[in-house]
Amino acid sequence: MSARRAQDTGAGHRGDGTREDAAPGGGRRAAGVPGAPGRTATPSGADPWDERPGEWPPPEETAVTVPPSPVPPPRGPSVHTARGAGPHERPAPRRGAVDPVKALLHRHRELCERAVDPLEIAAGLEVHGVTDRAAARFRHRDVFSLAEELYARVPRDGDRHQDTDAPPVPRVRARWVLLTLLPGALGAATVAGLRLAQGQHRPLVALGGLLAVALATRAALRRGPLSGEPGTRAWRASNGARACTLWLLGYALLGDGLLHAVMTGGPDTPPTGTPDGPWPTACASVLALTLACAPAAWCAHLFTAGARRRLALSRDLEDFAAAAKPLLFGTVTLFLGALTALLLLCGTALREDAAYAQGLTLGALLLLARLLVVHHHRHAPALALGAATAAEAMAVALPAAGRLPGCAFLTTPVETVVNAWGEAAVPALACGAAALSLLLHAVRTLTGASAHAPSGAPE
């Protein structure tokens, strides 16, 4: 009797042949379920759970149970809990891949913090060589989309950026306005002195006037819209451009007379500074160019201010380029119109040939070269000015070299141009070709947002 009672206490048989073992603490466990040793069966019906989780009620409240159904394996990647973690603890999250945009933001944090709009960040990224193809590596369709995310990620101080919705527009100052008028005033005084001076005083007046005009022009180019940022990298290019500019202006003053003298076997006498001498000087075109320094400064100011406004209003880089191209062409056209009026005025006042072709091409070349220099592109203007200078120098040197025995063929190209269009065609063709090349280069560079960034980097 006692053995029977012990057997009933230690183990029991269910009606389906499954043996039930006594679980610790008074509960029962299903011993016939494979893979689940020590796992308690699920109560059925209205049988209550014990207050202790995962255990059966006391033996006196035991009811008939059913075997648990096999648990399906979890879907998706398995998540391993940390060692020593309990069954109810949340597993540690997986670390994601490195954010490439965050690395780019860390690299250009100063640019992103200083920017007042996403377009300025796009301009800075262009300067650093980030193109649309490079933006695709950061999961963006173009540079502007990438710049928008960088602009949104950088925290900003509201007091610092509340009034900087648009890039700063340069102001009109009386200082640079007066400086741009000074070269024309000194040029007019020099021409008047040459007309009034006689004999040996004429060369002194010409030398002093040229020196004064050169210093005034340099002062005008160092202040205001025509001023470029100084840099040690651009020192040699600037010196070469200055030398070429002086040559082109000197050729506009004396070049046609010198070429005519060389073609006719001269020159036999030095220039006298009069339009009717053996070596005539063209004062009208040079005086008009010195007077055009003021319109050039105003046109450069209008171009810079208009580009800054369009930079703030544009939605993307293509939109800004489409708006900047008409602005560039309008600026050049406005300057050429003002220069045409000055050539007409000076030619009428001095009773000389206005030399429109030579004056307009040289003026366009100098304006485009200065615009590129102001917007941090110095290499192309130096090349264009050097090419025009070399062409004019070759036009004078070839006829002189053709006088040597057996070298008469060197004079043929210059003779062909002079016989067809005159001596003025040589500087017109040289400066016109250089100005056209600079215009094409300006359309490609000055219509980009990077050229008008307030903190643009020099080339």
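This chain uses plain numbering: 1 for the first residue, then up along the sequence.
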Check whether any side-chain heavy atom of [X] lies under 4.5 Å from a side-chain heavy atom of [Y], and answer yes or no.
X	Y	answer
Val426	Tyr251	yes
Pro427	Asp256	yes
Val443	Phe329	yes
Thr389	Met394	no
Thr217	Leu221	yes
Leu362	Leu249	yes
Val191	Leu350	yes
Leu248	Leu365	yes

side-chain contact (heavy atoms from CB on, under 4.5 Å) between Thr331 and Leu302, worked out:
CA-CA 8 Å; Thr331 300; Leu302 293 177; 5.6 Å; no
Could you tell me which non-hydrogen atom of [X] sits nearest to which non-hydrogen atom of [Y], and how far apart they are?
X	Y	answer
Phe335	Ala296	CE1-CB, 3.6 Å
Ala401	Cys407	O-CB, 3.5 Å
Gln358	Ala252	NE2-CA, 3.1 Å
Leu371	Ala300	CD2-CB, 3.8 Å
Val262	Pro399	CG1-CB, 3.6 Å
Leu194	Ala206	CD2-CB, 3.6 Å

To the nearest 0.5 Å, what is the distance between [atom1] ([X]) and [atom2] ([Y])?
X	Y	atom1	atom2	answer
Ser285	Leu342	OG	CG	12.0 Å
Arg370	Leu438	CZ	CG	13.0 Å
Leu181	Leu291	CG	CG	9.5 Å
Leu368	Leu328	CG	CG	7.0 Å
Leu367	Leu339	CG	CG	9.5 Å
Arg444	Lys325	CZ	NZ	11.5 Å

Check ring-ring contact (aromatic ring centres under 6.0 Å, His included) between Trp298 and all other residues, then give those that pass, not counting sequence neighbours.
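Result, ring-ring contact (aromatic ring centres under 6.0 Å, His included) vs Trp298: Trp176.
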Under the ring-ring contact (aromatic ring centres under 6.0 Å, His included) rule, collect the residues that match up with Phe303, sequence neighbours excluded.
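Partners of Phe303 under the ring-ring contact (aromatic ring centres under 6.0 Å, His included) test: His375, His452.
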Could you go through the side-chain contact (heavy atoms from CB on, under 4.5 Å) check for Leu366 and Leu385 one step at a time?
CA-CA 8 Å; Leu366 294 179; Leu385 293 173; 4.3 Å; yes
Looking at His140, I'd like to know if its NE2 atom is crowded, meaning that more than 12 non-hydrogen atoms belonging to other residues, nucleotides or ligands lie closer than 6.0 Å.
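Yes, the 6.0 Å shell around NE2 holds more than 12 heavy atoms from other groups.
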Is Arg218 atom CZ crowded by more than 12 heavy atoms from other residues, nucleotides or ligands, each under 6.0 Å away?
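Counting other residues, nucleotides and ligands, CZ of Arg218 stays at 12 neighbours or fewer.
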When you measure from the side chain of [X] to the backbone N and O of [Y], does any donor-acceptor pair fall under 3.5 Å?
X	Y	answer
Arg378	Val373	no
Glu352	Cys283	yes
Ser227	Gly224	yes
Arg310	Gly306	yes

Identify, with sequence neighbours excluded, every residue that meets side-chain contact (heavy atoms from CB on, under 4.5 Å) alongside Ala188.
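Partners of Ala188 by the side-chain contact (heavy atoms from CB on, under 4.5 Å) criterion, ordered by chain and then number, come out as Leu287.
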Test of understanding: with side-chain contact (heavy atoms from CB on, under 4.5 Å), list the residues that count as partners of Ala212, not counting sequence neighbours.
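Ala212 satisfies side-chain contact (heavy atoms from CB on, under 4.5 Å) with Leu186 once adjacent residues are dropped.
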Can you sort out the partners of His108 under side chain to side chain donor-acceptor pair (under 3.5 Å), two or more places apart, ordered by chain and number?
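His108 satisfies side chain to side chain donor-acceptor pair (under 3.5 Å) with no other residue.
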Working for side-chain contact (heavy atoms from CB on, under 4.5 Å), residues Leu196 and Val205:
CA-CA 10 Å; Leu196 297 176; Val205 173; over 6 Å; no
Which atom pairs, one a donor and one an acceptor, fall under 3.5 Å between side chains of residues 411-418 and the rest of the protein, sequence neighbours left out?
residue	atom	partner	partner atom	Å
Thr412	OG1	Phe409	O	3.2
Thr416	OG1	Thr412	O	2.8

Before you tell me yes or no, could you show the steps for Thr190 and Leu210 under side-chain contact (heavy atoms from CB on, under 4.5 Å), namely the whole-Å CA-CA distance, both residues' side-chain angles and the distance that decides it to 0.1 Å?
CA-CA 8 Å; Thr190 302; Leu210 291 176; 5.6 Å; no
